[in-house]
Amino acid sequence: MRRLIIGMTGSTGAIFGVRMLEALKGSDIESHLIVSKWAQRTLEHETRYSLEQVRSLASVVHSQSDMG
């Protein structure tokens with residue numbers, strides 16, 4: 001299986017990460033997600049998505065401190 005890591009930082013444009021995860025949902029690509037604490041804040045301000053909603057779009061969710 002192919003794998004793609006989506007790393008969301010605090011920069012503006014959080015919706016692009018959300019849209020990518022939506023596009024990958026149901027595909028044969030395993031999506032891994034890392035959301036920093038600042039990205040969480042950006043999501044809250046720039047989108048209608050909660051962190052839990054965004055996490056549910058990913059195949060695997062990593063801790064915000066796991067940047068490795």
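From a predicted model like this one, the values you see are computed outputs, not experimental measurements. Note: hydrogens, waters and symmetry copies are ignored here, and every other heavy atom, side chains too, is used.
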> What are the two closest non-hydrogen atoms of L33 and R55, and how far apart are they?
Replying inline: CD2-CA, 4.0 Å

> Are L57 and I29 connected in the hydrophobic side-chain network, where two residues link if heavy atoms are under 4.5 Å apart?
Replying inline: yes

>> Applying side-chain hydrogen bond (donor to acceptor under 3.5 Å, both in side chains), can you list everything that pairs with E46, at least two apart in sequence or on another chain?
In response: T12

>> Just verifying a value: how many Å separate R3 CZ and E30 CD, rounded to the nearest 0.5 Å?
In response: 5.0 Å

> Which heavy atom of S36 sits nearest a heavy atom of G10, and at what distance?
Replying inline: OG-N, 3.7 Å

> Side chains of I6 and M20: closer than 4.5 Å at any heavy-atom pair?
Replying inline: yes

>> By the ring pair (Phe, Tyr, Trp, His ring centres under 6.0 Å) test, which pairs, at least two apart or in different chains, include something from residues 2-29?
In response: none

>> I need the full list of ring pair (Phe, Tyr, Trp, His ring centres under 6.0 Å) pairs touching residues 24-64, with sequence neighbours left out, sorted by first then second residue.
In response: H32-H62

> So with a 6.0 Å cut-off around CD1 of I5, is the heavy-atom count from everything else above 12?
Replying inline: no

> Quick one: do M8 and V61 end up in the same hydrophobic cluster if we chain Ile, Leu, Val, Met, Phe, Trp and Tyr together by side-chain heavy atoms under 4.5 Å apart?
Replying inline: no

> Where the side chain of S31 meets the backbone of L24, is there a donor-acceptor pair that is under 3.5 Å apart?
Replying inline: no

>> Please say yes or no: joined through hydrophobic side-chain contacts below 4.5 Å, possibly via intermediate residues, are L21 and V60 part of one cluster?
In response: no

> Roughly how far, to the nearest 0.5 Å, is CD of Q64 from CG of L51?
Replying inline: 8.5 Å

> Hey, mind stepping through L43 and V54 against side-chain contact (heavy atoms from CB on, under 4.5 Å) and telling me if it holds?
Replying inline: CA-CA 9 Å; L43 277 169; V54 174; 4.0 Å; yes

> Between atom CD of E22 and atom OG of S27, what is the distance when rounded to the nearest 0.5 Å?
Replying inline: 13.0 Å

> Quick one: does K25's side chain have a donor or acceptor within less than 3.5 Å of a partner on S56's backbone?
Replying inline: yes

>> Testing the basics here: between D28 and R2, what is the closest heavy-atom pair and its distance to 0.1 Å?
In response: OD1-NH2, 3.4 Å

